[in-house]
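So the structure is just underneath, and the comments pick up after that.
Numbering starts at 1 and runs along the sequence shown.
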Amino acid sequence: MISGDDVYEDLFTAASALQSALTEEGFATRSGLGTAPLDAAADADVIVLYTALGRFTAGQREALARAVHGGCGLVALHSTTVLASPPEQLDEGDRLLAELIGSRYLSHGPLPHESRFEVRLDPDHELTAGIEPFEVTHEHYRLATSPDVRVLAWRETDTGTEPLVHTRRHGAGRVCYLQLGHDMRIWGEPGMRRLVRRAARWACRPDRPDQSGE
C-alpha cells in the first residue's frame, strides 16, 4: 500500500518494485493507493506500507494496530516513519503509528543528506543471515527508536551507527521497518530486493504463545 506525495519519494516505482519482489517470493499480492484498505487490514497475511505523509484516520491506524496485534505482519518502508505532527506534540494517530513501527524520523542529520555507504547486516537473524554487506547511494535518516526494536542492518557514521532495518513484535504480529527505499536507484540493488523478500516472509508468520525466539 502506498499513500501520500511522491514529489520527494518515488512511490510509484517503489510500488511496482515491491509487488515484483513479493511475487518472486511467492506471495499473492495486490496494490492499493491511499489508506482506505487499512479498514480491512485483518484480512491480510502481511501489509507492506510505504507512505509519504499519507493521510490516515485514527480509526485506520487503530485497525492496523489491531490487525498486527492479532497476527498480521507489517513491513514499513522509508518515509512511513516521517510523521505529520511535530515530535514534541505527536497527535494520537501519529503516536499509534510510531509505536507500532518502533521508530520515527527526526531529521536527515548533518550535510550531506545523501552519500554512498555500506549496508552492514546482522548474520545471526534469519531475515539478514547470508546477505553480504552491499553499497548503496541513499539519503540519511536519523531515527528515534523504541527500546524493544532489534536492529538488523545499519550504516556507520562519524557519530555512531544509523539503523537501516529493525524488527519488533506487537502482540502476535511481527513488524519490520526498512529505512531504505527513497528512489529508483535503491530498487535496482539485489541486496535491497532480498531484504524486502525476507522481511515479508519473516513478518507474515504470526508468533504463537509457545514461540519466543528471534
Side-chain angles (χ1 to χ4, degrees), residues 1-4 8-9 11 14 18 35 38 41 46-56 58 60-62 64-69 72-110 113-115 117 119-122 125 127-128 136 138-157 159-183 186 192 195-196 198-200 202-203 207 214:
M1 289 177 50
I2 63 172
S3 178
Y8 298 107
E9 315 299 342
L11 294 178
L18 284 166
T35 56
L38 290 176
V46 61
I47 292 173
V48 181
L49 185 63
Y50 188 178
T51 69
L53 296 178
R55 295 188 178 184
F56 296 83
Q60 287 166 347
R61 295 193 185 191
E62 290 168 2
L64 177 61
R66 284 195 304 271
V68 175
H69 193 274
C72 174
L74 175 64
V75 178
L77 285 134
H78 193 49
S79 56
T80 306
T81 57
V82 180
L83 307 174
S85 54
E88 65 279 4
Q89 292 180 316
L90 288 181
D91 66 26
E92 183 63 12
D94 283 345
R95 184 189 65 79
L96 281 171
L97 188 61
E99 290 179 355
L100 180 60
I101 294 174
S103 62
R104 58 181 173 82
Y105 167 88
L106 295 177
S107 73
H108 288 298
H113 292 165
E114 174 183 291
S115 69
F117 57 81
V119 177
R120 302 186 179 185
L121 305 109
D122 183 346
H125 191 284
L127 199 158
T128 43
V136 298
H138 201 273
E139 69 176 359
H140 310 151
Y141 269 18
R142 289 182 58 240
L143 299 172
T145 57
S146 302
D148 65 343
V149 304
R150 176 170 174 177
V151 175
L152 300 182
W154 61 92
R155 77 178 185 101
E156 298 292 343
T157 75
T159 57
T161 60
E162 179 180 282
L164 298 175
V165 178
H166 67 66
T167 60
R168 67 177 298 271
R169 291 338 203 265
H170 183 72
R174 297 177 170 196
V175 179
C176 179
Y177 170 69
L178 295 91
Q179 193 257 86
L180 303 171
H182 176 59
D183 59 30
I186 192 66
M192 175 63 176
L195 282 174
V196 168
R198 292 271 194 94
W202 176 84
D207 285 336
E214 284 284 322

- For the pair Val75 and Leu178, evaluate side chain to side chain contact (heavy atoms under 4.5 Å, CB included) and give the outcome as yes or no after the intermediate values. CA-CA 8 Å; Val75 178; Leu178 295 91; 3.6 Å; yes

- Task: State the OG1-CG distance between Thr80 and Leu49, to the nearest 0.5 angstrom.
- Result: 4.5 Å

- Leu90 vs Arg104, side chain to side chain contact (heavy atoms under 4.5 Å, CB included): CA-CA, chis, key distance, verdict: CA-CA 11 Å; Leu90 288 181; Arg104 58 181 173 82; 4.0 Å; yes

- Do the side chain of Ser79 and the main chain of Thr51 share a donor and acceptor less than 3.5 angstrom apart? yes

- Query: Should the pair Arg61-Asp94 be classified as a salt bridge under the 4.0 Å nitrogen-to-oxygen rule?
  - Reply: yes

- Please identify each residue that fulfils side-chain hydrogen bond (donor to acceptor under 3.5 Å, both in side chains) with Glu99, with sequence neighbours left out. Arg95

- Test applied, side chain to side chain contact (heavy atoms under 4.5 Å, CB included); reference residue, Trp202; option that passes from Thr128, Leu152, Leu127: Leu127

- Query: If you measure from OG1 on Thr159 to CZ on Arg142, what distance do you get to the nearest 0.5 Å?
  - Reply: 7.5 Å

- Would you say the side chains of Glu9 and His182 form a donor-acceptor pair under 3.5 Å? yes

- Query: Where the side chain of His69 meets the backbone of Gly173, is there a donor-acceptor pair that is under 3.5 Å apart?
  - Reply: no

- Mind checking the CD-CG spacing from Gln60 to Leu96? Nearest 0.5 Å is all I need. 12.5 Å

- Message: Keeping Ser103 on the side-chain end and Leu143 on the backbone end, is there a donor-acceptor pair under 3.5 Å?
- Response: no

- Here the gap from Ile101 atom CD1 to Arg168 atom CZ, rounded to the nearest 0.5 Å, amounts to 10.0 Å

- Heavy-atom closest contact (Gly109 atom, Ser107 atom, distance): N-OG, 3.0 Å

- Query: So do the side chains of Leu18 and Leu77 get within less than 4.5 Å of each other, counting heavy atoms only?
  - Reply: yes

- Check the pair Tyr141 / Val82 against side chain to side chain contact (heavy atoms under 4.5 Å, CB included), numbers first and verdict last. CA-CA 10 Å; Tyr141 269 18; Val82 180; 3.6 Å; yes

- Task: Would you please name every residue forming a ring pair (Phe, Tyr, Trp, His ring centres under 6.0 Å) with His166, sequence neighbours left out?
- Result: Tyr177

- What distance do Leu180 atom CG and Glu139 atom CD have between them, rounded to the nearest 0.5 Å? 10.0 Å

- Could you pull out the closest heavy-atom pair between Ile186 and Met192, with the gap in Å? O-CB, 3.5 Å

- Task: Carefully, step by step, assess Arg169 and Val175 under the rule side chain to side chain contact (heavy atoms under 4.5 Å, CB included).
- Result: CA-CA 6 Å; Arg169 291 338 203 265; Val175 179; over 6 Å; no

- Message: Ignoring hydrogens, what is the shortest heavy-atom contact between Ile2 and Leu11? Give both atom names and the distance.
- Response: CD1-O, 3.9 Å

- Hey, is the main chain of Gln179 close enough, under 3.5 Å, to the side chain of His78 for a donor-acceptor pair? yes

- Find the distance between SG (Cys72) and NE2 (His170) and round it off to the nearest 0.5 Å. 11.0 Å

- Message: Under a 3.5 Å threshold, yes or no: a donor from one side chain and an acceptor from the other, between Arg150 and Thr167?
- Response: no

- Using the benzene-type ring in the case of Trp, are the ring centres of His108 and His140 under 6.0 Å apart? no

